[in-house]
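For reference, the structure is listed below as structure tokens.
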Amino acid sequence: MYKMISSLSISLLMPLILFCGEIHVGAYLGINWGRMATQKLVPSMVVNLLLQNGISELRLFQPSFHVLDAFADTNIGLIVTLQENYLKNVFEQKQIDDYIHERVKVYSEKGVKFRYVYVGNEPFTKSLYMKKQFNGTIRYLNMTRDALDKFNLPNIKATTPHFTDVLTNVTKPSEGDFREDIKGKMLEFLDCINRTGAPFVIHIFPIYTVYRYGFDVDFAFFDNKSKFKIVDGNNSYTNLFTFIYDTLVSALAKAGYGDMEIIVGQIGWPTDGYVSASEPNAERFHRGLLQYIARKEGTPLRPNKDINMYLLGLTDENMVVTDYGPYQRHWGIYKHDGIPKYKIDFTLQDRDVKPSVAKGTVRMPNRWCAFDGKTDHNESLVLQDYEYACEKSDCTAFGAGATCDNLSFTEKVSYAYNMLCQITNQDLRKSNLSGATMTTNNPSTPDCDFPIEILTAEVVDGGSALTRRY
Ligand SMILES: *[C@@H]1O[C@H](CO)[C@@H](O)[C@H](O)[C@H]1NC(C)=O
Ligand SMILES: *[C@@H]1O[C@H](CO)[C@@H](O)[C@H](O)[C@H]1NC(C)=O
Ligand SMILES: *[C@@H]1O[C@H](CO)[C@@H](O)[C@H](O)[C@H]1NC(C)=O
Ligand SMILES: *[C@@H]1O[C@H](CO)[C@@H](O)[C@H](O)[C@H]1NC(C)=O
Ligand SMILES: *[C@@H]1O[C@H](CO)[C@@H](O)[C@H](O)[C@H]1NC(C)=O
Ligand SMILES: *[C@@H]1O[C@H](CO)[C@@H](O)[C@H](O)[C@H]1NC(C)=O
Ligand SMILES: *[C@@H]1O[C@H](CO)[C@@H](O)[C@H](O)[C@H]1NC(C)=O
Ligand SMILES: *[C@@H]1O[C@H](CO)[C@@H](O)[C@H](O)[C@H]1NC(C)=O
Ligand SMILES: *[C@@H]1O[C@H](CO)[C@@H](O)[C@H](O)[C@H]1NC(C)=O
């Protein structure tokens, strides 16, 4: 909708917008830009990319100063996240006040359009649960709200996104409820966001849920190719998205918040690292999803409603944790080098187009690192170096059903060596890997791409140790 409002409705809404400081008119489509990658696009390139593609909303995972700087006066709505690694060192209100002042208040005055502040991320998720059990969410949420109010920023809402595993397993949406072990905390959380008018933010990974439930994988797409259907009273569900969305609506209704605003904070389809994670499937998923949002049909429990969502994500992230699976490093609509992988029309007009390529990257020369394959190497040393290279770089393409799953051992060593070599700007000396050579013959196979990366323009993220990784 954000690209389709007629000029008439804009002019009619203008006084209203100015009057209440309200910016939203209708549904919008945003995108997540995670920066846990060795080869990051620089912030000004990303601003350029968003503007070129008509993407007006972005979620950042860390409010790094130099990233915020790039968004001043762009009219791109921003979500910033206060990460656990920051929050766990917060002991008093003044710390959050100072943080919100320097990163939100000051930047608002510089013309950055903040939409939400996320306080933590998926605190109740089952994955890494024991390690994560992050207790302070509600207190920090309160403190953040307090800070935003102090600086007179009532339109910037504070909330915390959740993963779908906060919901119990159901056979139909009307059974939707929150997990028993977190229900108490969830009710406190809901009370807190309801009091401040903040939305419930849900992260949906259809590829994860469809396999977890053992559903037909076609059910995750929107093109009705699946015969699978879930009937719930008078409602029937022909795709996973509406099924999950209404399960959440039911859970919220049972908790007493049947009308609470829901934002889909992350949704997408990965291109590697798992069975059915591929570029054709990602294109197919997004095409159906965006047609669905453009139709504004809503879901059986919330018919004819706009659904606001943020796609996951802008680029791949080769350093992100893989707690749900190796595919988590392959959510990007773009590769690390700023080249789009498939067709998607962010403007919701269903045009058959690839988004524009990032401008200003520097691609390294066509040189690959490889393992020479000689048999006179100390084998355990080769194995050690192979594992080291994978650990320091990214071998998630070896996952079951992934693109490099079928390489021979020698080829896998080459792949790992190349990955490490590319992220160290093709400097072989940096890693001293046994049997490593440099070659100008592309070792890629028909399925498995040995990438050439761009020069790391941002070796240091301009931040402190706290922000460096994001
Ligand atoms: C969570 O909070 C409770 C008290 O509110 C405390 O006893 C417990 O140790 C905390 N757990 C963690 C993991 O911080
Ligand atoms: C949050 O703030 C509200 C109102 O100021 C208060 O009632 C509530 O106890 C606070 N909750 C926490 C967990 O600090
Ligand atoms: C839901 O089902 C999955 C897969 O069977 C299981 O791992 C998970 O623990 C279940 N969750 C709940 C809340 O029962
Ligand atoms: C949620 O907030 C709305 C609006 O302030 C209020 O009318 C409603 O009673 C609240 N719901 C609950 C369960 O507290
Ligand atoms: C799929 O089928 C449903 C129910 O028959 C229909 O409402 C919807 O428009 C169809 N979607 C597509 C993309 O064909
Ligand atoms: C289903 O629809 C029928 C006919 O419109 C209606 O009588 C019935 O109450 C509905 N059932 C539910 C559970 O909504
Ligand atoms: C091979 O390398 C391993 C690990 O570094 C080492 O322990 C072993 O002694 C080496 N073997 C030979 C024959 O050099
Ligand atoms: C790998 O080999 C298996 C078994 O031969 C085959 O089913 C699969 O399609 C292959 N994967 C790729 C990516 O070629
Ligand atoms: C490279 O690795 C080999 C084998 O472990 C070792 O003998 C050599 O000293 C290393 N060279 C450098 C420069 O670290």
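As the structure lists them, so they are numbered: ligands from 1, and atoms in each ligand from 1. Below, each value reflects all heavy atoms present in this structure, side chains not excepted, and no hydrogens, waters or symmetry copies.
- Screening Pro173, Ser236, Pro300, Pro206 against Phe243 for a side chain to side chain contact (heavy atoms under 4.5 Å, CB included) leaves a single residue, Pro173.
- With respect to atom 1 (C) of ligand 7, the closest heavy atom belonging to the protein is Asn378 ND2, 1.4 Å.
- Ranking the protein heavy atoms by distance from atom 3 (C) of ligand 7 puts Ser380 OG, 3.3 Å first.
- Listed for the Asn425 side chain is no donor-acceptor partner under 3.5 Å among the backbone atoms of Asp427.
- Taking a cutoff of 4.0 Å between a charged side-chain nitrogen and a carboxylate oxygen, Lys150 and Asp97 qualify as a salt bridge.
- Those atoms of ligand 7 with a heavy atom of Leu381 less than 4.0 angstrom away are 5 (O).
- Scanning all protein heavy atoms for the shortest distance to atom 14 (O) of ligand 4 gives Asn194 ND2, 3.5 Å.
- For atom 9 (O) of ligand 4, the nearest protein heavy atom is 4.0 Å or more away.
- Checking atom 5 (O) of ligand 7 against the protein gives a heavy-atom contact under 4.0 Å.
- Under the 30°/60° scheme for interplanar angles, the aromatic rings of His377 and Phe371 are found to be tilted.
- Residue Gln384 touches ligand 7 through its side chain alone, judged by heavy-atom distances below 4.0 Å.
- A salt bridge links Arg284 with Asp218: at least one charged nitrogen is closer than 4.0 Å to a carboxylate oxygen.
- For the pair Thr160 (side chain) and Val119 (backbone), a donor-acceptor distance under 3.5 Å is present.
- His203 and Thr164 are not linked by any side-chain donor-acceptor pair at a separation below 3.5 angstrom, with hydrogens and angles left out of the test.
- Closest heavy-atom approach to atom 12 (C) of ligand 6 within the set Asn235, Asp232, Asn234: this belongs to Asn234.
- Less than 4.0 angstrom separates some heavy atom of Gly256 from each of these atoms of ligand 4: 13 (C).
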